[in-house]
Amino acid sequence: MGLKGFVEGGIASIIAGVSTHPLDLIKVRMQLQGESHVPNRATIQTLRPALAFNGSSATVAAPSIIHAPPPSLPPRMGPVAVGVKIFQTEGVAALFSGVSATVLRQTLYSTTRMGLYDVLKQKWTDPNSGNMPLLRKISAGLIAGGIGAAVGNPADVAMVRMQADGRLPAAQRRNYKSVVDAITQMTKQEGVTSLWRGSSLTVNRAMIVTASQLATYDQVKEMLIGNGVMKDGLGTHVTSSFTAGFVAAVASNPVDVIKTRVMNMKVEAGAEPPYTGAMDCALKTVRAEGPMALYKGFIPTISRQGPFTVVLFVTLEQVRKLLKDF
């Protein structure tokens, strides 16, 4: 029974992840909007005047530092505009950048969390009533999400970088060919520890998402069926899953923004990293862009989280029916 839960959850997660990948890519691009790093003062060049006048009375001006005003940030774009820009500048295939990493991530992360949650659900469900208290559902989600995230973090880092690559100038792009190439290059250039960059954020986000998503789905489904509002069928599954997606998006978006920025940051040898950690990233983001920056990409997040959760649980229910005799 334990292995079956992993298989069912894995199949449903991969289908849901691939089908909503373009929305996830748009979300990542929006979360990186407005991110800027102040150059080091040592790198500001001393410039000479462009014009000099000939003649005995003319003197050559001494070198001077030209203080240029900081470049203004580009206007923020909505999810539709971001999607259109990706399509126009990078092509339709760019909407599926990093899809191989998504498949690997769902295989590792979601399969683990869905399977563990199912195992804990079976162990913690009251045998008499057949129900599981909400607090236990949340606890099971926290445990399953945390373990799943730790397992899947390398694929998560690779996915974020592959999705964000197209927004960089051509000379700065990493140009990973696949998730395997991304993980290989990261290991060679930045060390094996780079595969777990932002892992604490990934674990925190996964715990929040899994607890809110799975617990909400089960709780809403039980309430709808138990109170006779709806019968156990497609309508109940869609209603419960969309509610779960909304709750998960609201709860996890701030952590998701910070996670995306920490994972995507480029650390050069001998240079100070843009962020020293999650808290530093959060403080710099809020100071530079305001508190609502933590909810950047919320529209595509809910636009992706809603369909993802609906596809996930509807597919899961159907897979369970197909495998019920196994």
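Here, residue 1 is the first one in the sequence, and each next residue gets the next number. Owing to the predicted nature of the structure, the values given are computational and were not obtained by experimental measurement. Atoms considered below: every heavy atom in the structure, side chains included; atoms not considered: hydrogens, waters and symmetry mates.
Between Met114 and Asp118, the closest side-chain pair of non-hydrogen atoms is not below 4.5 Å. Side-chain contact check for Lys221 versus Asp232: some heavy-atom pair is nearer than 4.5 Å. Side-chain contact between Leu323 and Glu8 is present, with at least one heavy-atom pair separated by less than 4.5 Å. Residues Met186 and Arg197 are not in side-chain contact: their nearest non-hydrogen atoms beyond the backbone lie 4.5 Å or more apart. Counting only heavy atoms from C-beta outward, the side chains of Thr107 and Ile14 approach each other to under 4.5 Å. Residues Lys121 and Leu214 are not in side-chain contact: their nearest non-hydrogen atoms beyond the backbone lie 4.5 Å or more apart. You'll find the side chain of Ser178 reaches within 4.5 Å of the side chain of Asp181, heavy atoms only.
When atom types are taken as modelled, the side chain of Thr236 and the backbone of Lys231 share a donor-acceptor pair closer than 3.5 angstrom. In this structure, Asn227 contributes its side chain and Val229 its backbone to no donor-acceptor pair below 3.5 Å. In this structure, Thr111 contributes its side chain and Gln106 its backbone to a donor-acceptor pair below 3.5 Å. Judged by distance alone, with hydrogens and angles left aside, the side-chain atoms of Thr315 form no donor-acceptor pair with the main-chain N or O of Leu312 at under 3.5 Å. At distances below 3.5 Å, not a single donor-acceptor pair connects side-chain atoms of Trp124 with backbone N or O atoms of Pro133. Listed for the Thr210 side chain is no donor-acceptor partner under 3.5 Å among the backbone atoms of Met207. Listed for the Tyr117 side chain is no donor-acceptor partner under 3.5 Å among the backbone atoms of Ile143. No donor-acceptor pair under 3.5 Å is formed between the side chain of Gln185 and the backbone N or O of Tyr176.
Shown here for His21 and Gln163, the closest heavy-atom pair between the two residues is CE1-NE2, 3.2 Å. Closest approach of Asn264 to Arg167, counting heavy atoms only: ND2-NH1, 4.2 Å.
Partners of Tyr109 according to the side-chain hydrogen bond (donor to acceptor under 3.5 Å, both in side chains) rule, which considers only residues two or more places apart in sequence or in another chain, do not exist here.
Inspection of the Asn153 and Thr202 side chains reveals an N or O donor paired with an N or O acceptor under 3.5 Å. Looking at Gln213 and Arg113, their side chains do bring a donor and an acceptor atom within 3.5 Å of each other.
Here salt bridge (charged side-chain N to carboxylate O under 4.0 Å, His left out) pairs that include residues 241-253, with residues two or more places apart or in two chains, number zero.
In this structure, His237 and Tyr217 have tilted ring planes: the angle between them lies in the 30° to 60° band.
Residue Tyr295 places its OH atom among more than 12 non-hydrogen atoms of other residues, nucleotides or ligands, all under 6.0 Å distant.
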